[in-house]
A.B. asks: 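Handing you a structure now.
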Number of protein chains: 2
Amino acid sequence: MRLARRASADEQVARRPRLLGVSGKMGENDAIRVAVSTVIFSLRSAPEGDRLMLPLVRRTREPYRGAWALPGGWLDAAENLDAAASRTLAETTALDPGYLEQLYTFGDVDRAPSRTISIVYWALLRSDYVDAQRSASDAPENVEWFDVDAIPPLAFDHNRIADYALDRLRNKVGYSRIAASLLPDEFTLTELREVYEAVLGRRLDPSNFRRLLEGSDELVPTESFRTGKHRPARLYRYNADA
Amino acid sequence: MRLARRASADEQVARRPRLLGVSGKMGENDAIRVAVSTVIFSLRSAPEGDRLMLPLVRRTREPYRGAWALPGGWLDAAENLDAAASRTLAETTALDPGYLEQLYTFGDVDRAPSRTISIVYWALLRSDYVDAQRSASDAPENVEWFDVDAIPPLAFDHNRIADYALDRLRNKVGYSRIAASLLPDEFTLTELREVYEAVLGRRLDPSNFRRLLEGSDELVPTESFRTGKHRPARLYRYNADA
DNA sequence: TCAAAAGTGTTGGGGATACACCCATGT
DNA sequence: ACATGGGTGTATCCCCAACACTTTTGA
């Protein structure tokens, strides 16, 4: 599968003259704070079928008190970046991600009142875990899921970050098998195709989709079938190795 | 000093209680320092033809004093990330990059004696600028160019970083037109092909390469020809728009 | 028996590769 | 003239989109 690539927009910024003598030694970047945020995606049932959604948290502090924002927190001096992302993810959803990858580091001087750089990760969650948690109603407070096509205005530059993560997800779905991370262990080809359709936002030909994935070594057929209203569909699982 | 702690992406790390009443508020990550480094690529003539090379700087301080390292410096509290990358690049080569993009942020707890995260960029430099500077012998001190196939042991985790940047360059050359940034404004198709060959490390069919790029809208033929030992070759330039 | 989803077969276009071949120039 | 790189033509293969078609189930 192939789809259009995205080009990151990076602007050339003119060299800023350094005021020597302001700080004695190099390495004294006292005023810089380091945050880690995560854009979390999962599928959730909606009237129009499964929709790609992400959780946002309502801010309880200034600045942007009361606004929606991406889950995140300050980097602890004794934890790795991946660990910080996992931690903030767990604090938000109490769930293990099936996929977690660093996205980009945002650090414009004016993106927050005090100089803050945000190392942003993105993650995929299995839809059945999320649904189970919702029905168990032990979901964390101040967290709400939003359709990626209806994200409200967010605090800081988080709208830009969420858009960037969505681009990356859509791009990467085209050439890797991360879609697995949004589904339970076993699934039908139609369910997998619907994941691709929800992520990409367009319909795919069922027969070509079948051939494409059956031809690859990524899927392993099982002996089980999902029975429903019509002809039963074979269940598949992802090939763990290669 | 702090002991190294390795955490996988899935590991849930409990929030470590913060010692000291220096600050009770979140957001005081006092012990974390932020560096910006850049992996710079350019083509340089070698006996076997043009080779892809990168500049390294010799460290004059502990740790790793005397070892080769990637160019970089501390992030200034008043400059954007891109600006910091441009600045460290200018300090190393005194040249403007034709291409500059953020690569990844490395932040393992044990990657340096004191907790340091490095926001790494990668850049491409026009070969004619680099050659001109070399002959003008106003090159910066303590800087030396190395073939990407013969990178010496580097300080910190810089070998891993350089390998990562090289992967990204080779991958991106396949689907984008960044190769332009390694050449002067005008060039022949053979010169452009040799750039691709130097980057990818394999030979390409001249006729297919020609058709590929003439068919795209990326190249604009000029009326000039490069005369040499044989039939003159038409000069092209990259299409500025789209 | 019919609707609908599961699953198969067939065709054709476009891009990539391999390679035969002609063209223009300096020596 | 001839060697060498510049440049053109063309056949083949493979991937994949399009779509007609058959199979299997629940109702």
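Keep in mind that the numbers below use all heavy atoms, side chains included, and drop hydrogens, waters and symmetry copies. Note on naming: letters A, B, ... go to the chains in the order of the sequence lines (proteins, then strands), and numbering restarts at 1 for each one.
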A.B. asks: CG of B/Leu219 versus C1' of D/dG7: gap in Å, rounded?
C.D. replies: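 Distance, rounded to whole Å: 15 Å.
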A.B. asks: Nearest whole Å is fine: how far is C/dT17 C1' from B/Arg210 CZ?
C.D. replies: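 Distance, rounded to whole Å: 17 Å.
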A.B. asks: Would you say B/Ser207 reaches C/dC19's phosphate, i.e. side-chain N/O to OP1/OP2 under 4.0 Å?
C.D. replies: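 Checking B/Ser207 against C/dC19: no side-chain N or O falls below 4.0 Å of OP1 or OP2.
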A.B. asks: Please determine whether the number of non-hydrogen atoms from other residues, nucleotides or ligands lying under 6.0 Å from atom OH of A/Tyr129 exceeds 12.
C.D. replies: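 Open.
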A.B. asks: Could you tell me how far apart B/Arg203 (CZ) and C/dT17 (C1') are, to the nearest whole angstrom?
C.D. replies: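 So the two atoms are 17 Å apart, to the nearest Å.
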A.B. asks: Categorize B/Leu189 for me: base, sugar-phosphate, or nothing, with a 4.0 angstrom heavy-atom threshold over every strand shown.
C.D. replies: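 Contact class for B/Leu189: none.
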A.B. asks: Are more than 12 heavy atoms, taken from residues, nucleotides or ligands other than B/Asp96, located less than 6.0 Å from that residue's CG atom?
C.D. replies: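 Incorrect, the count does not exceed 12.
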A.B. asks: Atom CD of A/Glu214 to atom P of D/dC16: distance rounded to whole Å?
C.D. replies: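 In whole Å, D/dC16 P lies 15 Å from A/Glu214 CD.
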A.B. asks: Calculate the interatomic distance between B/Leu213 atom CG and C/dG15 atom P; express it in whole Å.
C.D. replies: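 My rounded result for the distance is 14 Å.
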A.B. asks: Can you find a side-chain donor-acceptor pair between B/Tyr99 and B/Glu101 that sits under 3.5 Å?
C.D. replies: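 Judged by distance alone, the side chains do pair up.
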A.B. asks: With the criterion being N/O to N/O and under 3.5 Å, what pairs connect the protein with nucleotides 23-27 of chain C, and how long is each?
C.D. replies:
| from | atom 1 | to | atom 2 | distance (Å) |
| --- | --- | --- | --- | --- |
| C/dC23 | O2 | B/Arg231 | NH1 | 2.7 |
| C/dA24 | O4' | B/Arg231 | NE | 3.4 |
| C/dG26 | O4' | B/Lys229 | O | 2.7 |

A.B. asks: Specify the residue among B/Arg211 and B/Thr190 whose closest nucleotide of DNA chain D lies further upstream toward the 5′ end.
C.D. replies: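 Looking at the nearest nucleotide for each, B/Thr190 comes out on the 5' side.
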A.B. asks: Are a donor atom and an acceptor atom from the side chains of B/Arg211 and B/Asn208 found within less than 3.5 Å of each other?
C.D. replies: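 Indeed, the side chains of B/Arg211 and B/Asn208 share at least one donor-acceptor pair under 3.5 Å.
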A.B. asks: Separation of A/Arg234 atom CZ from D/dT25 atom P, in whole Å?
C.D. replies: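 Nearest whole value for this atom pair: 12 Å.
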A.B. asks: Can we say B/Arg44 and B/Asp147 salt-bridge, meaning some charged N sits less than 4.0 Å from an Asp/Glu carboxylate O?
C.D. replies: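 Answer for the salt bridge query: no.
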A.B. asks: Is the shortest side-chain N to carboxylate O distance from A/Arg203 to A/Glu197 below 4.0 Å?
C.D. replies: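 Looking at A/Glu197 together with A/Arg203, the answer is yes, because their closest N to O distance falls below 4.0 Å.
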A.B. asks: Return the value, rounded to whole Å, for the distance between atom CZ of B/Phe225 and atom P of D/dG6.
C.D. replies: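 B/Phe225 atom CZ is separated from D/dG6 atom P by 12 Å.
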A.B. asks: Check the distance between D/dT12's P and B/Asp205's CG and give it to me in whole angstrom.
C.D. replies: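 So the CG-P distance, B/Asp205 to D/dT12, works out to 17 Å.
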A.B. asks: Could you check A/Tyr238 against A/Phe187 for ring pair (Phe, Tyr, Trp, His ring centres under 6.0 Å), going step by step and ending with a plain yes or no?
C.D. replies: CA-CA 9 Å; A/Tyr238 262 94; A/Phe187 47 84; 5.5 Å; yes
